[in-house]
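What follows is one structure encoded as structure tokens, with my remarks underneath.
All values below come from the heavy atoms of this structure, side chains included, with hydrogens, waters and symmetry mates left out. What you see is a predicted model, and the numbers here were worked out from it, not measured in a lab.
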Amino acid sequence: LATTAAAPAASAPAAPARDRAAERFTFDKSLSPAARQHVDRVVGALKGANHLTPAQKGSYAGAAQTALKAMTPKMLERFAAGQTGPIRFHADAAAVKDAIGTAFPAARAKLDKAGTIGGAYAPGDKSLFLDGGLSGAGKNDMRAAHEVYAHEFAHAIDGPNHELSRSPEWQAAFAAE
């Protein structure tokens with residue numbers, strides 16, 4: 001009699017790895033409901049950022065939470081209106097610059113001449129391009145992530161048509177500085 005060894009039992013396909021970094025993020029209990037809603041969006045965007053390490057995801061979420069927690073209710077309201085597009089997170093400043101150039105080819109020449117870019121607000125689709133802060137060699141290249149995020153969030157608060165920064169009050173304050 002000829003015998004054939006039994007084939008090993010087929011194993012079930014492996015379940016996709018869960019993104020535990022975003023799940024482990026600790027929300028600040030003192031966040032307002034409006035700020036929490038925005039931090040939730042950030043965490044959601046980070047869950048889909050498979051090119052980032054778990055440490056980067058946690059750091060980026062914490063930085064966004066820090067910037068959002070400092071906003072007044074009116075700022076959060078304007079941020080909600082001004083930032084309705086995707087939040088695109090990148091591993092470093094070079095990746096941010098490349099992503100902006102890919103999304104906006106007409107800006108490529110300007111980007112090539114620019115220094116380090118840690119983030120950008122795209123008023124057309126009200127989206128954000130962000131990384132984890134700046135650590136370059138130039139005097140303006142050292143910025144913590146929450147500072148970069150606060151700067152880009154301020155563009156969203158200002159709105160795609162620069163409603164605040166083009167106002168006479170803003171211009172007068174800027175001129176007085």
Which heavy atom of [X] sits nearest to which heavy atom of [Y], and what is that distance?
| X | Y | answer |
| --- | --- | --- |
| L164 | R78 | CD1-NE, 3.7 Å |
| A34 | L76 | CB-CD1, 3.9 Å |
| S127 | Q83 | CA-NE2, 4.0 Å |
| K69 | D28 | NZ-OD2, 2.7 Å |
| R88 | D125 | NH2-OD2, 3.4 Å |
| Y149 | D131 | OH-O, 2.7 Å |

(message) Ring-plane angle category for F89 and Y60, please: parallel below 30°, perpendicular beyond 60°, tilted otherwise.
(response)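 Tilted: the ring planes of F89 and Y60 meet at 30° to 60°.
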
(request) Look at the rings of H90 and H51 and say which category their plane angle falls in: under 30° parallel, 30 to 60° tilted, over 60° perpendicular. (result)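 Plane angle between 30° and 60°, so tilted.
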
(message) Please determine whether side-chain contact (heavy atoms from CB on, under 4.5 Å) holds for the pair V42 and H38, giving the CA-CA distance in whole Å, both sets of side-chain angles, and the decisive distance to 0.1 Å.
(response) CA-CA 6 Å; V42 166; H38 294 298; 5.8 Å; no

Within the side chain of [X], is there an N or O that forms a donor-acceptor pair under 3.5 Å with the backbone of [Y]?
| X | Y | value |
| --- | --- | --- |
| Q171 | S165 | yes |
| K97 | G115 | yes |
| S59 | A55 | no |
| E152 | L130 | no |

Can you measure from [atom1] ([X]) to [atom2] ([Y]) and round to the nearest 0.5 angstrom?
| X | Y | atom1 | atom2 | result |
| --- | --- | --- | --- | --- |
| R41 | L46 | CZ | CG | 11.5 Å |
| D158 | H155 | CG | NE2 | 8.0 Å |
| Q37 | L31 | CD | CG | 12.0 Å |
| I117 | F129 | CD1 | CZ | 11.0 Å |
| Q65 | F27 | CD | CZ | 7.0 Å |

(message) Counting C-beta onward and ignoring hydrogens, is there a side-chain heavy-atom pair between F79 and L68 closer than 4.5 Å?
(response)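 Yes, side chains in contact.
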
(request) Walk me through it: do T102 and R108 pass the test side-chain contact (heavy atoms from CB on, under 4.5 Å)? (result) CA-CA 8 Å; T102 299; R108 179 66 74 179; 3.7 Å; yes

(request) Apply side-chain contact (heavy atoms from CB on, under 4.5 Å) to the pair K126 and Y121, showing each step before the final yes or no. (result) CA-CA 7 Å; K126 299 181 179 182; Y121 171 68; 3.7 Å; yes

(message) Applying side-chain contact (heavy atoms from CB on, under 4.5 Å) to M71 and F153, what does each step give before you reach the verdict?
(response) CA-CA 10 Å; M71 290 187 190; F153 293 176; 3.6 Å; yes

(request) Check ring pair (Phe, Tyr, Trp, His ring centres under 6.0 Å) between H146 and all other residues, then give those that pass, not counting sequence neighbours. (result)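 Ring pair (Phe, Tyr, Trp, His ring centres under 6.0 Å) check on H146 returns nothing, list empty.
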
